[in-house]
Amino acid sequence: MARVLTPQAEDFPRWYQDVIAKAELAENGPVRGSQVIRPTGWAIWERMVAEVDLRIKDAGAENASFPLLIPQSYLQREAEHVEGFAPELAVVTIGGGKELDEPAVIRPTSETVIGEFMAKWVQSYRDLPLLLNQWANVLRWEKRTRLFLRSSEFHWQEGHTAHATKDDARAYARRILHDVYEDFMVNVLAIPVVVGRKTVRERFAGATDTYTLEGLMRDGKALQMGTSHELGQNFAKAFDIGFLGGDGQQHHAWTTSWGVSTRMVGGLIMAHGDDNGLRVPPALAPVQAYVIVVKDGEGVAETAAQLHEELKAAGVRVKLDTRTDIPFGRRAVDAELRGYPVRIELGPRDLKEGNVTIARRVDGSKTPVAVGAVAKAVVEALEADQKSLHDAALAYREAHTADAATLAEAIEAAGDGFARLPWADCGVEGENEANAKGVSVRCLVRADGSVPDSEDEAGLVAYLARSY
RNA sequence: CGGGACGUGGCGCAGCUUGGUAGCGCACCCGCUUUGGGAGCGGGGGGUCGCAGGUUCAAAUCCUGUCGUCCCGACCA
């Protein structure tokens, strides 16, 4: 077979670009750092949106929409926040041909505008918690961009909540972290993640606590797949989000923010993809089953249409391909590039036996199945492949996670995956030293794997890795 | 923003050293033959060589600048 993609082992970054180009997921836009997400890529994102949105609503948050343009002065109200974002802001200074009295920044994130409105909407402790989310695009003038992983403009979901107490805010930030993000990543994306706490150095600008979910890509580098922050009372004070408590006193609210972005598409590609292209977990896949007519013949088109309907009725997301004017090999390779989990191949040869061929993307297997048994076989295959994709990713991560006794050892081990090192043996100095060598502390976790309340807790373990 | 590489039809590249006005593979269109892993043969369309200057009778080839892309590093979802 002709070589379609650069093999991962030969040049991983090149492989990544090849997959995106050949599977027609996305390409660069005309302005540097911008990206065009093509239908195949956007369909994947839409599925992510659907699954995450469902979980966000289960967690009680409501969707709303806030403006793209934010008065520049808003950003300046929270000292660390401005400092963190100032270098990457795009600022609109002219509108309708006239210089604006106050420049407006294109949102890099919406803590500030949303804070302004929360202040209006929250008066009493009875107005809390206020649980908001918006699906939006944001813009950060990135210096070095990569499709999906880091583009200037990207799409995401940003949740913003206000609570009466610190404990309630913390509980909610953690709830999102586990019940929305971790659940989605593990059960839908089939990507095992290390869930932990960011060090002060890696914390979000303006947050008091930042939590993260770190995935391991097939080149041994870590990817931050999502974050959830406790903002303490920083933004509440800056925007005067105050409320009258049951005690008759005025209090500042405690706020949180949390987000996942189109970066997850990049994570999906790099966590599961192989030398034949993308492998999309069935639970996520926009196209789970691909009915493909290999060759025309007696009753072939009819059976294909019938299977298409049957699978649809069985709740499978299915696509029918009857384009016999395009060689079969090309269509099969395309389907593999796009990572469709299951292909149902049929032509005269199969039908003569009363069979079709079920080809599975995960392991490349092909099995003849009786026409009448297709729906059941497909559903079973989808379920099994969801699991095997996850198990393979988990096995990969375990094989690429090393326990290190010293910082030097950890930096060495981080060349090929996660290195675990007691935080006590690393510390801020160790973190700086590792950073100088291209290795960062991805997060801190407790010995039992749970998420710490503070980085000063005893017995914490640091996960170090090279990262995207 | 620092270091390196590179910009030539949609994609991948050759041509540049030794200036003379553009070529190959894939893709695309038409026809026939094909169709069980990116089909074969024949015919055809498409680029002025990232952009802007300069040198020259003449520039894809030389010089300057600029923009962009990719890789590595500093910063981020």
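Only a predicted model underlies this, so the values are computations on that prediction, with no experimental measurement involved. Hydrogens, waters and symmetry mates play no part in the numbers below; they use all other heavy atoms, side chains included.
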* **Face-to-face stacking of A:Phe154 with B:A77, centres under 5.5 angstrom, angle under 30°** =>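 Answer is yes, a stack.
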Report yes if at least one side-chain N or O of [X] is closer than 4.0 Å to OP1 or OP2 of [N]; otherwise report no.
{"X": "A:Arg140", "N": "B:C75", "result": "no"}
{"X": "A:Arg144", "N": "B:C72", "result": "yes"}
{"X": "A:Gln157", "N": "B:A77", "result": "no"}
{"X": "A:Arg150", "N": "B:C75", "result": "no"}

With [atom1] as the reference atom in both, quote the distance from [N] to [M] in angstrom, rounded to an integer.
{"N": "B:G31", "M": "B:G68", "atom1": "C1'", "value": "42 Å"}
{"N": "B:G43", "M": "B:U66", "atom1": "P", "value": "48 Å"}
{"N": "B:C13", "M": "B:G50", "atom1": "P", "value": "14 Å"}
{"N": "B:U64", "M": "B:C70", "atom1": "P", "value": "25 Å"}
{"N": "B:C76", "M": "B:G4", "atom1": "P", "value": "26 Å"}
{"N": "B:U17", "M": "B:C6", "atom1": "P", "value": "16 Å"}
{"N": "B:C32", "M": "B:C51", "atom1": "P", "value": "41 Å"}
{"N": "B:C28", "M": "B:G12", "atom1": "C1'", "value": "16 Å"}

* Would you mind reporting whether A:Pro71 and A:Thr112 have side-chain heavy atoms less than 4.5 Å apart? =>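 Sidechains of A:Pro71 and A:Thr112: no contact.
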* To do: Measure the shortest side-chain to side-chain distance between A:Ile269 and A:Met264 over non-hydrogen atoms and say whether it is less than 4.5 angstrom.
  =>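 No, their side chains stay 4.5 Å or more apart.
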Which one, [options], comes nearest to the side chain of [X]?
{"X": "A:Gln224", "options": "B:C72, B:G37, B:A77", "answer": "B:A77"}
{"X": "A:Phe328", "options": "B:G37, B:A77, B:G38", "answer": "B:G37"}
{"X": "A:Gln17", "options": "B:C75, B:C13, B:C71", "answer": "B:C71"}
{"X": "A:Arg263", "options": "B:C72, B:C76, B:A27", "answer": "B:C76"}

Mind checking who [N] pairs with, Watson-Crick or G-U wobble, both distances under 3.5 Å?
{"N": "B:G37", "result": "none"}
{"N": "B:C70", "result": "B:G4"}
{"N": "B:A60", "result": "none"}
{"N": "B:G10", "result": "B:C26"}
{"N": "B:U21", "result": "none"}
{"N": "B:A77", "result": "none"}
{"N": "B:G46", "result": "none"}

* To do: Go through A:His163 and A:Tyr172 one step at a time and tell me if the ring pair (Phe, Tyr, Trp, His ring centres under 6.0 Å) criterion holds.
  => CA-CA 9 Å; A:His163 305 260; A:Tyr172 200 76; 5.5 Å; yes
To the nearest Å, how far apart are [X] [atom1] and [N] [atom2]?
{"X": "A:Gln35", "N": "B:U69", "atom1": "CD", "atom2": "P", "value": "13 Å"}
{"X": "A:Tyr181", "N": "B:A77", "atom1": "OH", "atom2": "P", "value": "12 Å"}
{"X": "A:Asn432", "N": "B:C75", "atom1": "CG", "atom2": "C1'", "value": "15 Å"}
{"X": "A:Asp321", "N": "B:G38", "atom1": "CG", "atom2": "P", "value": "16 Å"}
{"X": "A:Glu10", "N": "B:C71", "atom1": "CD", "atom2": "P", "value": "15 Å"}
{"X": "A:Arg330", "N": "B:C28", "atom1": "CZ", "atom2": "P", "value": "6 Å"}

* **Side chain A:Asn28 and base B:G68 donor-acceptor under 3.5 Å** =>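 Between B:G68 and A:Asn28, which were checked side chain against base, a qualifying N/O pair under 3.5 Å is absent.
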* Looking only at N and O atoms, is any donor in the side chain of A:Lys22 or the base of B:G38 less than 3.5 Å from an acceptor on the other one? -> no
* Measure centre to centre between the rings of A:Phe235 and A:His81, then say whether the value is under 6.0 Å. => yes
* Pick base, sugar-phosphate or nothing for A:Leu351, based on heavy-atom distances below 4.0 Å to the nucleic acid. => nothing
* Asked: Which part of the nucleic acid does A:Gly364 contact within heavy-atom distance under 4.0 Å: base, sugar-phosphate only, or nothing?
  ->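 Contact class for A:Gly364: none.
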* **Steps toward salt bridge (charged side-chain N to carboxylate O under 4.0 Å, His left out) verdict (A:Arg343, A:Glu336)** => CA-CA 9 Å; A:Arg343 284 199 311 281; A:Glu336 270 168 9; 3.5 Å; yes
* Asked: CD of A:Gln76: more than 12 outside heavy atoms within 6.0 angstrom?
  ->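 Enclosed.
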* To do: Would you give the length of the straight line joining atom OG1 of A:Thr161 to atom CG of A:Asn133, rounded to the nearest 0.5 angstrom?
  => 10.5 Å
* **A:Lys221 to A:Tyr468, cation-pi by 6.0 Å centre distance and 45° axis angle** =>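 Here A:Lys221 passes the 6.0 Å and 45° test against A:Tyr468.
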